[in-house]
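Both backbone and side-chain heavy atoms feed into the values below; hydrogens, waters and symmetry mates do not. Values in this document were obtained by computation on a predicted structure and should not be read as measured data. Here is the naming used below: chain letters follow the sequence lines, and residue numbers restart at 1 for every chain.
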Protein chains: 2
Amino acid sequence: MKSNLTDSGMVQQCGVDYAFKRIGGKYKGRILWHLYSKKVLRYGELRRILPDITTKMLTQTLRELEDDKLVTRKVYHEVPPKVEYAVSETGMELIPFIKHLHVWGNKQLEKEGFPCES
Amino acid sequence: MKSNLTDSGMVQQCGVDYAFKRIGGKYKGRILWHLYSKKVLRYGELRRILPDITTKMLTQTLRELEDDKLVTRKVYHEVPPKVEYAVSETGMELIPFIKHLHVWGNKQLEKEGFPCES
DNA sequence: CTGTATCCCGTGCGATACTG
DNA sequence: CAGTATCGCACGGGATACAG
């Protein structure tokens, strides 16, 4: 229910500040990145990809991203339930940024001797 | 004293996660952006540019950025003291992406009717 | 399978005072 | 001018149990 887009009462500093509020937090970057590289992912798939996340945080983070129009949520009304998440059109505009962070981060990790595949 | 680069004991997920740890937090993005656009800034100038920051957070954030090799700190041994901060070479690699965020963020702000200059 | 609902805790950050 | 040093707290996030 708490959208970052609608938390009035505070001074917006500038675009950089605004953007970081939207994609900050412990999981948003990784979620956007995985959603982008896999095109679309179900709730349970995201859980497996992010082994350290709890259902509470996964749901909460996805809701915030959805409220901020960065990801889309598609519900299939069947039994058992099925829900698919994907990066929205607006969210896609952030992908170049995240993609390069991914490259830069991996380069830094290598420098430090902690190579990482994904 | 607490560098994000040396906080072992935790699992690095991937480059995206790593990168966000380096430039996450409440002020790092804005500080990097302002340092970049002004080339070099003194401690007091940064305080004025970031009206909501306390000396504690400014110093702490600058130290973390310095420990992580993203900004440089140059001390002039004179009275009164003078210290200049600038984006390091490594930090410069992040500038294109922060610039991208800056553009994206301002565009979003405009969409919402909160135009912003800087 | 896809979530809610509670309870709980560490720490990121704020406020304030002081210093070389 | 450019910082340290304390104190304190809200809040982001973790653990666990339960539900449609």
Side-chain angles (χ1 to χ4, degrees), chain A residues 1-4 7 9-11 13 17 20-31 34-35 40-68 71-86, chain B residues 1-4 6-7 9-11 13 17 20-31 34-35 38 40-68 71-86:
Chain A
M1 199 63 59
K2 184 185 65 174
S3 165
N4 293 315
D7 57 354
M10 59 149 323
V11 186
Q13 291 296 339
D17 198 28
F20 268 106
K21 291 212 186 85
R22 249 101 240 116
I23 58 175
K26 191 169 181 180
Y27 300 104
K28 286 185 180 175
R30 276 151 76 196
I31 287 181
H34 287 297
L35 281 183
V40 53
L41 284 171
R42 298 180 58 178
Y43 187 87
E45 295 175 317
L46 278 167
R47 282 185 65 181
R48 259 168 269 125
I49 291 179
L50 304 150
D52 54 335
I53 202 170
T54 62
T55 60
K56 177 195 171 188
M57 284 313 296
L58 179 52
T59 302
Q60 179 180 311
T61 306
L62 286 170
R63 291 292 176 276
E64 289 179 13
L65 288 171
E66 197 192 349
D67 290 342
D68 289 351
V71 313
T72 60
R73 178 171 183 267
K74 184 172 186 184
V75 182
Y76 294 82
H77 292 283
E78 9 174 288
V79 191
K82 174 178 172 183
V83 181
E84 289 182 342
Y85 294 91
Chain B
M1 199 61 62
K2 184 185 64 174
S3 165
N4 292 315
T6 54
D7 57 353
M10 58 149 324
V11 186
Q13 291 295 338
D17 199 29
F20 267 105
K21 292 212 187 85
R22 248 101 239 115
I23 59 175
K26 191 168 180 181
Y27 300 104
K28 285 185 180 175
R30 275 150 78 196
I31 288 181
H34 287 298
L35 281 182
K38 302 297 180 60
V40 54
L41 284 172
R42 298 180 57 177
Y43 187 87
E45 294 176 317
L46 278 166
R47 282 185 65 180
R48 260 168 269 124
I49 291 179
L50 304 151
D52 54 333
I53 203 171
T54 61
T55 60
K56 179 195 170 188
M57 284 313 297
L58 179 52
T59 302
Q60 179 179 310
T61 306
L62 286 170
R63 292 290 177 276
E64 289 179 12
L65 289 171
E66 197 192 350
D67 290 342
D68 290 350
V71 314
T72 60
R73 178 171 183 268
K74 183 173 185 183
V75 183
Y76 294 81
H77 292 283
E78 14 175 282
V79 191
K82 174 179 173 183
V83 181
E84 288 182 342
Y85 294 91

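- A search for side-chain hydrogen bond (donor to acceptor under 3.5 Å, both in side chains) contacts involving B/Glu66 returns nothing, not counting sequence neighbours.
- Counted by atom type alone, A/Thr55 and A/Tyr43 present zero donor-acceptor pairs between their side chains at under 3.5 Å.
- Between A/Arg73 and the phosphate of C/dG3, there is a side-chain N or O to OP1/OP2 separation shorter than 4.0 Å.
- Considering only side-chain N and O atoms, B/Arg63 lies nowhere under 4.0 angstrom from the phosphate OP1 or OP2 of D/dA2.
- Among the atoms of the strands shown, none is found under 4.0 Å from any heavy atom of B/Tyr76.
- Remark: B/Arg22 does not engage B/Glu64 in a salt bridge, criterion side-chain N to carboxylate O under 4.0 Å.
- Protein atom CG of B/Leu41 is 15 Å distant from nucleotide atom P of D/dC1, rounded to whole Å.
- For the pair A/Lys74 NZ and C/dC1 C1', the computed distance is 18 Å after rounding to whole Å.
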Using a 4.0 Å heavy-atom cut-off, write out nucleotides 13-20 of chain C from 5' to 3' as B (base contacted by protein), S (sugar-phosphate only) or - (no contact). BBB----B
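- Nucleic acid contact for B/Arg47: none, since no nucleic acid atom lies under 4.0 Å from a heavy atom of the residue.
- Between A/Arg42 and C/dT2 there is a side-chain polar atom (N or O) within less than 4.0 angstrom of OP1 or OP2.
- Partners of B/Lys56 under the side chain to side chain contact (heavy atoms under 4.5 Å, CB included) rule, at least two apart in sequence or in another chain, are B/Thr54, B/Gln60.
- A/Leu46 places its CG atom 14 Å from the P atom of C/dC1, with the value rounded to the nearest Å.
- A salt bridge does not link B/Lys38 to B/Glu45: none of the charged side-chain nitrogens sits closer than 4.0 Å to a carboxylate oxygen.
- Between A/Glu66 atom CD and C/dT2 atom P the separation is 15 Å, expressed in whole Å.
- For B/Glu45 and D/dC1, the CD to P distance is 11 Å, given to the nearest whole Å.
- A salt bridge links B/Lys21 with B/Asp17: the closest approach of a Lys/Arg side-chain nitrogen to an acidic carboxylate oxygen falls below 4.0 angstrom.
- Across its full length, the helix from C/dC1-D/dG20 to C/dG20-D/dC1 shows an angle of 60° between the axes of its 5 terminal pairs at either end, rounded to 10 degrees.
- The two residues A/Glu84 and A/Lys82 make their nearest non-hydrogen contact at OE2-CE, 3.5 Å.
- When rounded to the nearest whole Å, the span between CG of A/Leu62 and P of D/dG13 equals 14 Å.
- Phosphate contact (OP1/OP2 of D/dG3, side-chain N/O of B/Tyr85, threshold under 4.0 Å): present.
- Under the side chain to side chain contact (heavy atoms under 4.5 Å, CB included) criterion, B/Phe20 pairs with A/Ile23, A/Phe97, A/Leu101, B/Val16, sequence neighbours left out.
- In this structure, the NE2 atom of A/His77 is 14 Å from the P atom of C/dT2, given to the nearest Å.
- Nucleotide C/dG12 holds its C1' atom 16 Å from the CG atom of B/Leu58, rounded to whole Å.
- Shown here are the side chain to side chain contact (heavy atoms under 4.5 Å, CB included) partners of B/Val75, two or more places apart in sequence or in another chain: B/Arg73, B/His77, B/Val83.
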